[in-house]
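Down below is the structure, laid out as structure tokens.
Order of the sequence lines sets the chain letters (A, B, ...), proteins ahead of strands, with each chain counted from 1.
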Amino acid sequence: MTSELDIFVGNTTLIDEDVYRLWLDGYSVSDAVALRVRSGILEQTGATAAVLQSDTMDHYRTFHMLERLLHAPPKLLHQLIFQIPPSRQALLIERYYAFDEAFVREVLGKKLSKGTKKDLDDISTKTGITLKSCRRQFDNFKRVFKVVEEMRGSLVDNIQQHFLLSDRLARDYAAIVFFANNRFETGKKKLQYLSFGDFAYCAELMIQNWTLGAVDSQVDDMDVDLDKEFLQDLKELKMLVADKDLLDLHKSLVCTALRGKLGVFSEMEANFKNLSRGLVNVAAKLTHNKDVRDLFVDLVEKFVEPCRSDHWPLSDVRLFLNQYSASVHSLDGFRGGSLSVGPPS
Amino acid sequence: MPGKLKVKIVAGRHLPVMDRASDLTDAFVEVKFGNTTFKTDVYLKSLNPQWNSEWFKFEVDDEDLQDEPLQITVLDHDTYSANDAIGKVYIDIDPLLYSEAATVISGWFPIYDTIHGIRGEINVVVKVDLFNDLNRFRQSSCGVKFFCTTSIPKCYRAVIIHGFVEELVVNEDPEYQWIDRIRTPRASNEARQRLISLMSGELQRKIGLKVLEMRGNAVVGYLQCFDLEGESGLVVRAIGTACTLDKLSSPAALLPACNSPSKEMKESPLVHPPSHGCRSTHNSPIHTATGSRLTQNFSVSVPTLIYTGMGSGSAGKEGGPFKALLRQQTQSALEQRGGSPHRFCKRREFPFFTLTAFPPGFLVHVGGVVSARSVKLLDRIHNPDEPETRDAWWAEIRQEIKSHAKALGCHAVVGYSESTSICEEVCILSASGTAAVLNPRFLQDGTVEGCLEQRLEENLPAGCGFCHIPYDELNMPFPAHLTYCYNCRKQKVPDVLFTTIDLPIDATVIGKGCLIQARLCRLKKKAQAEANATAISNLLPFMEYEVHTQLMNKLKLKGMNALFGLRIQITVGENMLMGLASATGVYLAALPTPGGIQIAGKTPNDGSYEQHISHMQKKINDTIAKNKELYEINPPDTSEEIIGSPIPEPRQRSRLLRSQSESSDEVTELDLSHGKKDAFVLEIDDTDAMEDVHSLLTDVPPPSGFYSCNTEIMPGINNWTSEIQMFTSVRVIRLSSLNLTNQALNKNFNDLCENLLKSLYFKLRSMIPCCLCHVNFTVSLPEDELIQVTVTAVAITFDKNQALQTTKTHVEKSLQRASTDNEELLQFPLELCSDSLSSHPFPPAKEHLESASSNSGIPAAQRATSVDYSSFADRCSSWIELIKLKAQTIRRGSIKTTVTVEKASPMGEGNFRNRATPPCASSTVGVVKMTPLSFIPGAKITKYLGIINMFFIRETTSLREEGGVSGFLHAFIAEVFAMVRAHVAALGGNAVVSYIMKQCVFMENPNKNQAQCLINVSGDAVVFVRESELEVVSTQQPTANCQPSCTGGEVTT
């Protein structure tokens, strides 16, 4: 006796959160059944393994059918085939678009192309996340990217509107899209200590300050691309290090302001020129795409590492950078303009 | 020109990409009604076109309005090649034809394609302007309301219940026409969908005409079915109960539209001339009205055997089934030759009611289940306009049902239904119902045939009256064991009662009910034509007998004494027959405590064997005791004396004595049951019986927190909360063709059903405590080694704490009432008082539970008198004798009785009050609930919008790509639900009640990567309002309003 066909269809679509998680995590039906058995569900409910198998299959089938709709969440809201209460719909979407920290770190800043997709095997082996789950997460990134890539307006708003994600998740996706678009290198060994959250923070600030949208929120509102003009303007920062007087003046301004406030004052004073040169060089090179990609590597090499070798505490780094950029404004020929704050920690 | 249909196409959304190059679609819409077609403009390059069309106007006969569906086709415009169809929407505009129902259909409909499924949605607005038609000879029946609900719908009152209406129409099945060889599957499927839609419209119109003739204005319990007879054609048939309904003006006055009672009553011509001969007959004439018709020259399909009546109180008082069989054969042969002699007085002839729940006082007594089956060979329907053969077949069966009912002293049949099972050219027609005595007050003259005046005078107490036997105990149609009613002690009741109806609300029930199923398979040799039909006919009686025995055993094992909602389905396949009976077992307080099950062996001297038997016996006794505890069956512990010594009224006493002596004669000769406690004896001298006992014990009760029943409401639970989940589950298993024996088959089938139930319990575990209501199993045998089981049911949560209280008060109340009643009669006040005392602390105290169950369970078994079966068996020298004997036993259980309820009993009201549900969360916008029940817990139905009757075909040629058979069917059923919901929403409704999936025919050909499925569903679209919202809205006494809605289908006030 074999079961040829075995289905259950409810007027309200039944969603089992536990099974949904197993499905999202990319487990096969048999693995999922085994995991559920281990969770002790059989003892709690007095069900048999066959029942569990049938139940799991059924949920998997439902999820599989829902997946098409989850690719365009507004469709899930308007479709008529599955009657799902709104709270459940939100849960389905949010969980579907959730991603693993370990995975996102692997692909952050990479081109979301077929080539990268081929590397998912390695990522799966490396992170211990199933290949299926990796694919889903990768496809999610790519899908969101494709939809909002060319869109005007706030990146976060666009994502929220088209994918109905929570504010937090939408912000994360904005970062992923931003990184993917600018292809920032994040995979280098030097950068391994940085978490996705760190990068997302940077992305948010960069979107706010460095993009077309940041310059003029009315016209040509694009959050994804860096403002070329702004990058061009950054070249002029070279003066800060090229002009010896200006460099000294800048240094004295910063030192005066920070004296007594910085635990690592002497190290700062000794290193000021190096640090400033590092920062300015990084900034000035950003007109080249290649250098844009290496932004974080360069920042870490040129600025973060020297600071770290001198054991700067975080608060000191922050104070220094604030003062560093603030002082520039009082220098002749530098009015307005903005500067980023380097990566925290 | 009696009607103008107006259609506007507003917009589309989520359309599929039809042009690969642009990833877009150039969509336009064709709107077709009858032979008229309109088109919208092409909306270029969009997946969300906004057509915003003008109003397309169709001027049509109201007859067409009833028959034809509105057909909307969405296409993709293609300049160079033919336009590609995206999909279709069929809209049944019937709901717009009654004044009280929907006034406009407006909303998003899924665009459906038989190959691709749902492909986007389209927004459509439909309106109808009807002109009054004064033509008395018209053929339309606009305005007659149809309800699938098998009780008087809420917010209506039954003025008159006229009775049975039936009709069938036949046609060739497009799938089998020659043209099908050259057209695409899509075209063929669409032709079929369209045809069936058309045929249902026609059928409904014709039934409507009959109703108008009877001067009714509505059909309740409307059941329409399709018989896909393959080569020989397509039959659409329907039965229902004609009524005159009055809209209740709702005190809450939520709806403006419901004031005028029934416009169509005024509209409809007063009387139809008895003969319609003058009418111009286009289409097929309505035959009932045409008077007698001579036999036409068509070749009568070969009448094979009519075998009937087995299971239940059938005919054949003296002769056992075989005499009956012969008699039937000759009779049917005669009838066939003579055409259909009883055709022309059909309406009055069959006092049948498809209702399963009744207005208070309607049902007087219940006799028992009557059923009839007949095996027929299908033959091509030569002239679709003359569906005589099929009509004659059904007429025979109905006639037989009627005679069975008569044999039970009943003049009517309630809870009546008909079904067929077709395999190749063999067709089993089945009909069943519950013989009953009804109160003529509600019926039109002529339906009732006397015979009840005397009964009506007896003013019986509510709660037990329906159990009292309607037949004469001196002349019982079958040997039954009668006792005085345990409730009123005045009338006789049988020991067991089987019915096809819902539990009357005023019935006094102890404990809770449960789903009881009998499952059975029988192998059959493959055969052709008549040989096949004969083989099937020969098997049927054995199947019925065994199904019956199983039901009886299981009922006893549960410690219960009555079955409600009994539905026995016999399915025929190539090489086997399947029987599946489902019912809800309950313990009726009016009936005697069921005896235990006694096992007897043939060789009593063998020591080890004896030990084995006693071991089994113990297991059975334990199970009974456990079940009693589980279902809270704690009947007042009536001692022998009370039962034994009722002082009958003088007149009755003499009768009683006589009957006792008579029946004891019979008992020694034919009846297996002995003694007061009526132990049910299972003989286990062969392996078959062993299997039976094993299967009895392997049925697992549902996990705690779960209950299940196949009736509308669960006896003993009445505080439903508002959460409901309707579902359909389908399973198909493939039998290994090796060594198929009856036993292996039975086991497979049993496992299939049990596992299915287990899966349901597991899936719905988050709803605990909950009850699966209206569990409806259907079995089909799509291929040689495939068994398909389809289940539709609804899970309803309830409040556990309240349940306990309610049952308690419920029982107390009933006991109080019982005692007061009896005190009035000065009968046995003492005994009754002690009864009520002993059972007062009813469920809550656990120790009491235990002690009570141990009291009632084990002693019952001990009291059971063992019968030495072996000596008895010796006498059955021939197998025929054995069968006779078996037949007698069958009857004993299946038939039984009931009472009159003149007015709503105080009990009933008590019930209502306790049922008031806690306020529930407000419903979300856009949600459409679906339920097979006639009510929605915690809500009040304020308006019926019309019947939903939909038929879909889905086919695929890429089965693997769609996720195999499971993926394919899962998606299809989900789509069917979606389309039903969309139609309801477009009518302005928010729920479907009395939803039923009447057909789910699934065929696959995995080798070709193909599958096809046909689904037919129906239900009533309604508007409901949450009681919590009602209370806010109306300042009037809300309890009064919400009563009917909480109780389910039983009552209309």
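- Put simply, CZ on B:Arg734 and CD on A:Glu4 are 4.0 Å apart, with the number rounded to the nearest 0.5 Å.
- Looking at B:Leu969, both its backbone and its side chain come within 4.5 Å of chain A, counting heavy atoms on both sides.
- Taking CG from A:Leu80 and CD from B:Glu975, the interatomic distance works out to 11.0 Å, rounded to the nearest 0.5 Å.
- By the 4.5 Å heavy-atom criterion applied to side chains, B:Phe762 and A:Leu52 are counted as neighbours.
- Between chain B and the options A:Thr62, A:Asp6, A:Asp58, A:Leu14, the largest number of non-hydrogen pairs under 4.5 Å is found for A:Asp6.
- Heavy-atom distances place the side chain of B:His14, and not its backbone, under 4.5 Å from chain A.
- B:Val928 touches chain A through backbone and side chain together, each having a heavy atom under 4.5 Å away.
- In this structure, chain A has no heavy atom under 4.5 Å from any part of B:Ile768.
- B:Gln788 does not touch chain A: none of its heavy atoms, backbone or side chain, sits under 4.5 Å away.
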Q | Residue pair B:Arg731, A:Leu5: steps toward the side-chain contact (heavy atoms from CB on, under 4.5 Å) verdict | A | CA-CA 5 Å; B:Arg731 270 193 194 189; A:Leu5 184 158; 5.9 Å; no
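- A salt bridge does not link A:Asp55 to B:Lys758: none of the charged side-chain nitrogens sits closer than 4.0 Å to a carboxylate oxygen.
- Within the structure, every pair that satisfies the side-chain hydrogen bond (donor to acceptor under 3.5 Å, both in side chains) test and touches residues 74-87 of chain A, not counting sequence neighbours, is listed here: A:Gln83-B:Arg981.
- The structure places CZ of B:Phe977 at 9.5 Å from OG1 of A:Thr13, a figure rounded to the nearest 0.5 Å.
- Residue-level contacts of residues 40-47 of chain A with chain B, in order of numbering, are A:Ile41, A:Thr45, A:Ala47; threshold 4.5 Å between heavy atoms.
- Counting heavy-atom pairs closer than 4.5 Å to chain A, the top residue among B:Gln725, B:Met979, B:Met930, B:Glu785 is B:Gln725.
- One finds the CG atom of B:Leu760 at 6.5 Å from the CZ atom of A:Phe8 (value rounded to the nearest 0.5 Å).
- Looking at B:Leu764, only its side chain comes within 4.5 Å of chain A, counting heavy atoms on both sides.
- Salt bridge B:Lys763/A:Asp16: absent, no basic N to carboxylate O contact under 4.0 Å.
- The environment of A:His64 atom NE2 is sparse: at most 12 non-hydrogen atoms of other residues, nucleotides or ligands sit within 6.0 angstrom.
- For the atom pair OG (B:Ser966) and CD1 (A:Ile7), the distance works out to 7.0 Å, reported to the nearest 0.5 Å.
- For B:Tyr995, no part sits under 4.5 Å from any heavy atom of chain A, backbone or side chain.
- For the atom pair A:Met57 CE and B:Ser759 OG, the distance stands at 11.5 Å (nearest 0.5 Å).
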